[in-house]
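In what follows, chains are A, B, ... by sequence order, proteins preceding strands, each numbered from 1. Values in this document were obtained by computation on a predicted structure and should not be read as measured data. What you see below is based on every heavy atom in this structure, not just the backbone, and it leaves out hydrogens, waters and symmetry mates.
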2 protein chains.
Amino acid sequence: MALDDRKRLILQAIVEDYINSAEPVGSRSISKKPELNLSAATIRNEMGDLEEMGLLAQPHTSAGRVPTTGGYRMYVDSLMERYEMTAAEIEKMRQATSMKKQELEKIVRDVAAAFSGITGLPVIGMLPASEAGIVKNIKVVKVDDYTAMLIVSDKSGIIKNRLLKLNQDISESFADELSKILNQNLAGLTISEINISNMMEIRSAIGHNFEILTSVIELVHEAVSEIDSKQIFVDGLSNILRFPEYSSVDKVKELFDVLENKENLSKLIVEANPTNCTKVLIGEEMPLDELKNNSLVIAPYRASERLIGLLGVIGPKRMDYSRIISGLEFFTAQLSGVLTKDFGTRQILLEMGKGDET
Amino acid sequence: MALDDRKRLILQAIVEDYINSAEPVGSRSISKKPELNLSAATIRNEMGDLEEMGLLAQPHTSAGRVPTTGGYRMYVDSLMERYEMTAAEIEKMRQATSMKKQELEKIVRDVAAAFSGITGLPVIGMLPASEAGIVKNIKVVKVDDYTAMLIVSDKSGIIKNRLLKLNQDISESFADELSKILNQNLAGLTISEINISNMMEIRSAIGHNFEILTSVIELVHEAVSEIDSKQIFVDGLSNILRFPEYSSVDKVKELFDVLENKENLSKLIVEANPTNCTKVLIGEEMPLDELKNNSLVIAPYRASERLIGLLGVIGPKRMDYSRIISGLEFFTAQLSGVLTKDFGTRQILLEMGKGDET
DNA sequence: ATTAGCACTCTTTCTCTTTGAGTGCTAACA
DNA sequence: TGTTAGCACTCAAAGAGAAAGAGTGCTAAT
């Protein structure tokens, strides 16, 4: 059976009706649409065909139709019109991303929170391990007795830091010297190339202060690996409570249990693998069985072309794909813009000129 | 009417039964307890008295009794026995607090998460603004083009940092010079004493590099105020889904709405004011009407006597006060211990000797 | 002072019925 | 031949009793 234009229009109308109402859609309500001047009986015939094609389903014999995963897929891939944001919405979103310059993690968290607020859906944010980041500069700074701070900056301008609590007190000049040594040996390597063996090489390259150096080097190594670790979080999870899909506490609990587990989240995102473009996973397409009643829209953001992280929206299968996709692409683009401007290489900064609104 | 020993025993039994079962407690189930060798009819008479005294209530005529807020208060203040943790529990808790040395905020978040996991209840953590913290050292370190890091350590050993994204590039020596100037002028002040006017004094005290200095000083001021800001968070909020008190999504939503609002949380904690000791707020004693069906147990933690923050457990009125209070006091004590050892002044570090397990 | 006994109350649970939305099919129509 | 009106049918959801069960308060006996 062919999916002719009329069937496409009917399917689109049903999906959109269901997205709005969360109620199975009957033939009568579709027949009322002026753009389809057809009787309910005709719609029923068409609906029967669409059901046979696997695009619609009935919860029970005497109910209206609900889109199947295939139905949503068809809608997302070829029926849905791209949502054009209004000027007011764009302004609102722009405000949400016009944040003060600050740490990468904080920016991403702020953006996720803003986006979650705007969409009314939970937002997943991920900052992957920056294994591929090439170390530009490593610094150890004394900040207090027994305490130093390790600061690592990479070529794409991302800066991470961590406190080192030492067993011995060190002098400022020792910290400077250490910084110099670390830099000489580690700059230019990727973070994943820094391992305990090249740290030990550094140690043995130096004669004096052997005892202190050993433990400091170990701490630095530990700190580097920790800095490098992947971060993943969910913001606005409680937004799902608004949906009739989650009117039972058991369903809420099930979703919360899955999404509060970092491993699950990580698996979800890795398998979605949206490294180049926005991806939409619907229902059973989700890598986790527990999420088969949900959908995920996920997109990458970058700093100067390098992949920095991912931002995703999770919600019921019945989410407003058109709006969510447009919004997400806007947000990741804005985020990439901010990151490229703030964290990007010198060249890119210069290209941008000095038009800086801070 | 006097609250004699028998009434006290009965009240205690009812409260504990209700804490376990979440069901109104009938006279029969109490009369079965061997320590109270009484018939159900006698218990009924006593229950009637306890109800008249405002310590118990009936959901409806033919239901068992439920403790009122007054009943819980009586239980917490003078009936409940202090829960003694088992060696296994202590070990489990100790493991949860034997964290690596790291940033204050991360330690507190980790402890809150661990405690939430152990109690199965949401845990509120707060790091108040460190207005009273006396600045020991301020440092500005160049980390990348257009980027510096501000690091502030205070007398009790707490270290905070923030990136500064500059409009101009600065040299390392400029950063060092700036650090020196900031230190000379600001060390010894409390953080709340650092305001825009003494920053401007610093600026005018220096002649050269005027233009750059102005914007850097402004950024530093901004960063200091931000560093100083209060932090507040809730961990394990979804734990409440386990309780029959939250079997309806509306109730869950109401609680989530309140607890996801930082201002509410802040109000809650400020009014609870547990600056010296553990406090228990029950039902209507809560400063927020929306929380009148919940209770809060909250306690401070310190580093070398100075108040650092608060840790609280929130849950249904029917929470196991005895266990929660013991657990919370254990955790805040552990936390204070870690903070005093890791972040405390030099003297305290020395007192502790070098028995350091890192 | 305590307790057994009993009538009474009120929620919870179950079953049965009704209602209503929606379908599929048939036959008539353009 | 595609479209539509009409109608019998299905099934979930809502409502109305009825029965069960837990628990009380009161009275009278111990």
Side-chain angles (χ1 to χ4, degrees), chain A residues 1-11 13-15 17-18 20-68 71 244-245 247-248, chain B residues 1-11 13-15 17-18 20-68 71 244-245 247-248:
Chain A
M1 201 179 314
L3 189 71
D4 58 34
D5 276 359
R6 196 170 73 177
K7 284 194 172 58
R8 295 167 68 88
L9 267 175
I10 292 172
L11 179 56
I14 291 172
V15 172
D17 194 308
Y18 187 67
N20 284 323
S21 70
E23 298 289 335
V25 184
S27 53
R28 259 183 72 77
S29 61
I30 297 300
S31 77
K32 277 183 198 139
K33 309 236 165 200
E35 66 269 30
L36 278 155
N37 203 14
L38 293 169
S39 75
T42 311
I43 302 287
R44 275 203 288 284
N45 288 331
E46 295 286 36
M47 278 173 149
D49 292 350
L50 288 167
E51 179 160 3
E52 224 171 277
M53 296 162 83
L55 301 172
L56 294 179
Q58 273 183 299
H60 53 86
T61 10
S62 70
R65 298 311 205 290
V66 164
T68 61
E245 280 83 348
S247 57
S248 112
Chain B
M1 202 180 313
L3 189 70
D4 57 34
D5 277 359
R6 196 168 75 178
K7 284 194 172 57
R8 295 166 68 88
L9 267 174
I10 292 172
L11 179 57
I14 292 171
V15 172
D17 194 309
Y18 187 67
N20 285 322
S21 70
E23 298 289 334
V25 184
S27 52
R28 258 181 75 76
S29 61
I30 297 300
S31 76
K32 277 184 200 138
K33 310 238 167 196
E35 66 270 28
L36 278 156
N37 203 15
L38 292 170
S39 75
T42 310
I43 302 288
R44 276 203 289 283
N45 287 332
E46 295 285 39
M47 278 172 148
D49 291 350
L50 288 166
E51 179 160 4
E52 224 170 277
M53 296 162 83
L55 301 172
L56 294 178
Q58 275 182 297
H60 54 85
T61 7
S62 70
R65 299 308 205 291
V66 163
T68 60
E245 278 84 348
S247 56
S248 113

Report all interatomic pairs (protein N or O, nucleotide N or O of nucleotides 28-30 of chain C) with separations under 3.5 Å.
none

statement: Paired with B:Ile43, the side-chain contact (heavy atoms from CB on, under 4.5 Å) test is passed by just one of B:Val25, B:Ile30, B:Leu50, namely B:Ile30
query: Out of B:Glu46, B:Arg44, B:Lys32, which one pairs with B:Ser27 under the side-chain contact (heavy atoms from CB on, under 4.5 Å) rule?
result: B:Arg44
field: Any residue of residues 37-65 of chain B with a heavy atom less than 4.0 Å from an atom of DNA chain D
entry: B:Arg44, B:Met47, B:Gln58, B:Thr61, B:Ser62, B:Ala63, B:Gly64, B:Arg65
Euclidean distance, atom [atom1] of residue [X] to atom [atom2] of [N] [Å, nearest integer]:
| X | N | atom1 | atom2 | answer |
| --- | --- | --- | --- | --- |
| B:Glu23 | D:dG23 | CD | P | 9 Å |
| B:Arg28 | D:dG25 | CZ | C1' | 17 Å |
| A:Asp4 | D:dG2 | CG | P | 11 Å |

message: Do B:Ser31 and B:Thr42 have side chains that approach each other closer than 4.5 Å (heavy atoms only, starting at C-beta)?
response: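 In short, these two side chains do not touch, never coming nearer than 4.5 Å.
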query: Does a side-chain heavy-atom distance below 4.5 Å link B:Pro24 with B:Gln58?
result: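 No. Closest side-chain heavy atoms not under 4.5 Å.
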query: Rounded to the nearest 0.5 Å, how far does CD1 of B:Ile14 lie from NZ of B:Lys33?
result: 9.5 Å
A:Leu3 side, atom CG; A:Ile10 side, atom CD1 - distance, nearest 0.5 Å: 10.0 Å
Shortest non-hydrogen contact between B:Gly71 and B:Leu11, atoms and distance: O-CD2, 4.4 Å
query: What pair of heavy atoms forms the shortest contact from A:Ala22 to A:Pro244, and how long is it?
result: CB-CG, 3.8 Å
